[in-house]
Amino acid sequence: MDKEDLDIPEDFSFLSDTDTSDSLHTLDVLCAILLCSDSFLQQEILSKMSMCQFALPLLLPALDTPKCTLLLWAMRDIVRKWRPHSLSESRGFREESLVLTSMPTISFVRMGSCSFSKSHLLNEVISPSQQHQDFFIHRDMESGNVPREIAGGLLEISWYFPAGRENLDLFPEPVAVANLRGDIESHWLQFSFFTEVSSAVFILTKSINEREYTLLSLQGSATKYYFIFNNQAGKAKETLEFLKKLASMLKLNKSHVLWKGGTTNKAQFVKVLQSAIAAIMKSSPKRVSIEAMAETARQLGIQVDEDNKECQTANTYAKEIAAQIKDVAKYKREKLRLQGETWRNLAEVDKELCRMRKQGDTPLENYKSQLKKKLMDVCAQKNKHDLTDGLITFITGIKHLRHREKHYFLKWMKFGLDPIARENLSKLRDQYKEKCKNSKDDPKTFAELDKLISASSLGVEHFMRELGQFYEAECSMVKEGKMAESQRQFTHLPGRAADLMLEGFPMEIIDGAISNIPLQWVTDVLRQLDAKLGGRSRMLVPMVLGVQSTGKSTLLNTMFGLQFAVSSG
């Protein structure tokens with residue numbers, strides 16, 4: 001029946017579900033954006049995708065480069081928190097950088113054509129019941145049915161992390177699920193990479209022909225292989241014969257061959273797949289992190305995004321500092337010495353100079369003179385300290401590295417320091433949040449927890465704070481005439497701090513542990529900032545208030561593209 005038979009007006013428009021000529025596939029857009037982005041924007045994009053629980057691109061297809069690229073650096077900023085079943089009773093949890101977490105990887109590929117959506121099936125497999133999530137883009141989503149132009153060969157990866165609820169969790173431990181876009185015959189390198197890093201590879205196909213049999217027979221048996229045939233053609237005589245030959249080579253048994261026909265119950269089939277993955281996790285000792293995958297990629301001739309010279313030069317400086325740190329509190333006590341009792345004593349004298357509460361019977365001018373002498377004694381004591389090796393390396397990094405190398409250096413500092421401090425901090429922050437729920441708790445308990453959190457924290461801000469204290473001490477000595485202007489070492493530091501502010505890195509105004517503002521340091525940094533902006537700077541101050549770990553820094557980073565340290569991924 002056509003339009004004339006239905007007596008429909010000429011200007012009536014029909015909605016076509018097949019005309020996609022003016023559309024772009026979502027994954028083509030993603031690949032194009034990532035290929036046009038630098039390393040830092042790629043990192044930002046993948047971090048935001050992870051927050052939204054989208055599958056992340058692991059291998060970008062080769063377009064403007066001779067080789068496909070593994071996105072290791074782009075994922076380094078992502079941190080995940082979960083509770084494995086082994087810690088359910090103790091109510092403990094694990095928090096770790098995603099690229100450093102070793103876990104089983106289950107890969108899914110297509111060989112030839114397939115009548116159902118592989119990506120849609122994977123979404124069902126790793127989505128908890130009643131909580132469906134589209135991790136992978138599939139053909140039934142908007143623009144998902146548009147033919148791909150550049151995303152063929154894209155390798156995506158998503159994860160399932162348990163919450164410690166045995167009756168609700170799909171799997172007892174974390175598991176990675178990887179998905180290759182396109183036919184393995186056209187993307188053999190990516191398939192070879194899968195076979196090296198995966199605990200198991202699921203191959204979706206209609207049938208097996210001689211060419212496909214030959215290609216599969218070249219694979220080793222170290223990885224487990226599963227076949228999912230999606231119609232009755234999988235039971236054809238030729239396919240069954242090839243399958244029997246492959247059984248001995250790939251160590252297949254009946255449980256390694258699954259059938260999904262048109263009448264197969266979808267929910268039941270998803271449960272079968274989930275059971276198969278759970279059995280693989282239980283029986284396979286193979287656990288691989290993304291960082292370990294990068295080494296396999298290099299061996300196969302796949303380039304890794306962080307192997308460029310600028311990134312590795314910066315990493316050398318950051319590693320030199322991180323290698324010295326075993327115990328955070330001890331390192332801060334011994335190597336960042338101006339932030340401890342010395343600064344606390346100075347802050348107390350400074351406050352008393354303003355308040356004059358302990359004057360007693362001492363004449364005002366005499367008391368002021370005594371306090372000023374104490375202040376100068378503390379400053380002189382601070383000025384006697386030499387820069388430690390870690391601080392010298394840090395200053396060299398922010399002073400001599402080129403613009404991009406400096407960005408890499410500060411990021412590597414974060415990635416090196418965070419894991420060292422994270423284990424204690426995660427537990428302390430959880431305790432703090434639990435205490436916040438109970439308003440009857442003694443305020444002293446909060447203060448003690450706050451001190452412990454402060455002592456266990458270590459980031460770039462602590463190194464900048466130490467440099468600020470060196471600068472303050474030097475300024476005080478010059479002001480009092482105890483040091484000549486020509487003897488100064490740290491006059492360049494405010495300019496370096498201002499450069500970092502222009503690039504989105506924060507400057508600490510007041511330290512919560514000491515409650516003291518290094519006024520000269522802050523003033524000179526802001527003056528340098530104003531000078532670098534041509535004297536046109538205006539200061540608008542949005543402020544975020546809230547208890548520990550409620551997303552204040554994440555909010556500001558997202559709104560303004562800043563680099564405030566955040567407590568968790």
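Just so we're clear, the structure is a prediction, and the values are computed from it rather than from any experiment. Below, all heavy atoms of this structure are taken into account, side chains as well, without hydrogens, waters or symmetry copies.
Remark: R402 CZ is loosely packed, at most 12 non-hydrogen atoms of other residues, nucleotides or ligands lying under 6.0 Å away. Environment of NZ in K532: crowded, with over 12 heavy atoms of neighbouring residues, nucleotides or ligands closer than 6.0 Å.
I398 is not listed as a side-chain neighbour of Y317, based on a closest heavy-atom distance of 4.5 Å or more. Looking at W521 and V525, their side chains come closer than 4.5 Å, going by heavy atoms from C-beta outward. Proximity of H492 to I395: side-chain heavy atoms (C-beta onward) are separated by under 4.5 Å at one or more points. A heavy-atom distance below 4.5 Å is not found between the side chains of I420 and Y331. R83 is not listed as a side-chain neighbour of P162, based on a closest heavy-atom distance of 4.5 Å or more. Inter-residue side-chain proximity for V177 and I157 is flagged as unmet; no heavy-atom pair is nearer than 4.5 Å. Side-chain contact check for F135 versus I126: some heavy-atom pair is nearer than 4.5 Å. Side-chain atoms of V328 and K332, non-hydrogen and from C-beta on, do get closer than 4.5 Å to each other.
Formation of a donor-acceptor pair under 3.5 Å by the D305 side chain with backbone atoms of A74 is found in this model. Side chain of S199 to backbone of S284: no donor-acceptor contact under 3.5 angstrom is found. E474 places a side-chain N or O within 3.5 Å of a backbone atom of F490 that can act as its donor or acceptor partner. The closest donor-acceptor contact from the side chain of E352 to the backbone of K358 lies under 3.5 Å. A distance-only check finds a donor-acceptor pair linking the side chain of K286 to the backbone of S198 [under 3.5 Å]. Using modelled atom types, one side-chain atom of Q274 and one backbone atom of V125 make a donor-acceptor pair closer than 3.5 Å. Between the side chain of E306 and the main chain of L72, no donor-acceptor pair closer than 3.5 Å is present. No donor-acceptor pair closer than 3.5 Å links the side chain of E95 to the backbone N or O of V79.
For Y408, the ring-ring contact (aromatic ring centres under 6.0 Å, His included) test picks out F40, W73, with sequence neighbours left out. Take E480 and apply the side chain to side chain contact (heavy atoms under 4.5 Å, CB included) test, not counting sequence neighbours, and it matches M376, K482. Remark: D327 pairs with A329, K330 by the side chain to side chain contact (heavy atoms under 4.5 Å, CB included) rule, at least two apart or across chains. In this structure, the salt bridge (charged side-chain N to carboxylate O under 4.0 Å, His left out) partners of D524, at least two apart in sequence or on a different chain, are R527. With sequence neighbours excluded, the residues that form a side chain to side chain contact (heavy atoms under 4.5 Å, CB included) with K351 are E348, R355, S515. For H403, the ring-ring contact (aromatic ring centres under 6.0 Å, His included) partners two or more places apart in sequence, or in a different chain, are H407. Residues forming a ring-ring contact (aromatic ring centres under 6.0 Å, His included) with F136 (at least two apart in sequence, or on another chain): none. Residues forming a side chain to side chain contact (heavy atoms under 4.5 Å, CB included) with K414 (at least two apart in sequence, or on another chain): D77, D418. Not counting sequence neighbours, the partners of F394 by the ring-ring contact (aromatic ring centres under 6.0 Å, His included) test are F409, F463. Looking at residues two or more places apart in sequence or on another chain, you find a salt bridge (charged side-chain N to carboxylate O under 4.0 Å, His left out) between D38 and R404.
Defined by atom type and a distance below 3.5 Å, a donor-acceptor pair is missing between the side-chain atoms of N383 and H385. Residues D169 and H85 have side chains that bring a donor and an acceptor to within less than 3.5 angstrom of each other. A donor and an acceptor atom, one from each side chain of Q339 and E466, are located under 3.5 Å apart. Side-chain polar atoms of Q133 and S127 form no donor-acceptor pair below 3.5 angstrom. When only modelled atom types and interatomic distance are considered, K335 and Q324 share no side-chain donor-acceptor pair under 3.5 Å.
The CD1 atom of I321 sits 10.0 Å away from atom CG of D389, with the distance rounded to the nearest 0.5 Å. Distance check, rounded to the nearest 0.5 Å: CG of L417 to CG of L458 gives 4.5 Å. One finds the CG atom of D499 at 12.5 Å from the NZ atom of K399 (value rounded to the nearest 0.5 Å). The structure places OG1 of T388 at 11.0 Å from CD of E334, a figure rounded to the nearest 0.5 Å. Distance OG1/T195 to CD/Q190: 11.5 Å, rounded to 0.5 Å.
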Before giving the answer on side chain to side chain contact (heavy atoms under 4.5 Å, CB included), spell out for R465 and L338 the whole-Å C-alpha distance, their side-chain angles and the decisive distance to 0.1 Å. CA-CA 9 Å; R465 185 189 296 172; L338 302 193; over 6 Å; no
Step by step, would you call K67 with I302 a side chain to side chain contact (heavy atoms under 4.5 Å, CB included)? CA-CA 6 Å; K67 303 173 184 176; I302 297 169; 5.9 Å; no
Full working for side chain to side chain donor-acceptor pair (under 3.5 Å) between E320 and T393: CA-CA 8 Å; E320 193 177 320; T393 306; 3.1 Å; yes
Run S37 and I45 through side chain to side chain contact (heavy atoms under 4.5 Å, CB included) and show every step you take. CA-CA 9 Å; S37 305; I45 291 169; 3.9 Å; yes
Determine, stepwise, if the pair I137 / L30 fulfils side chain to side chain contact (heavy atoms under 4.5 Å, CB included). CA-CA 11 Å; I137 303 293; L30 175 63; over 6 Å; no
Can I get a per-line list of side-chain donor-acceptor pairs under 3.5 Å for residues 46-59, giving both atom names and the distance, sequence neighbours left out?
residue	atom	partner	partner atom	Å
S47	OG	Q43	O	2.9
K48	NZ	E44	OE2	2.7
S50	OG	R80	NH2	3.1

Do any side-chain atoms of residues 290-297 form donor-acceptor pairs under 3.5 angstrom with protein atoms, and if so which ones, sequence neighbours left out?
residue	atom	partner	partner atom	Å
E291	OE2	R76	NH1	3.2
E291	OE2	R76	NH2	2.7
E295	OE1	R298	NH1	3.3

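Residues P494 and T491 share a closest heavy-atom pair of CD-O, 3.4 Å. Scanning both residues, R287 and S102, for their nearest heavy atoms gives CB-CB, 4.0 Å. In terms of heavy atoms, S553 sits closest to F564 at CB-CB, 3.7 Å. Residues M477 and A380 share a closest heavy-atom pair of SD-CA, 3.9 Å.
Using a 30° and 60° split on the angle between ring planes, F161 and W82 fall in the tilted class, from 30° to 60°.
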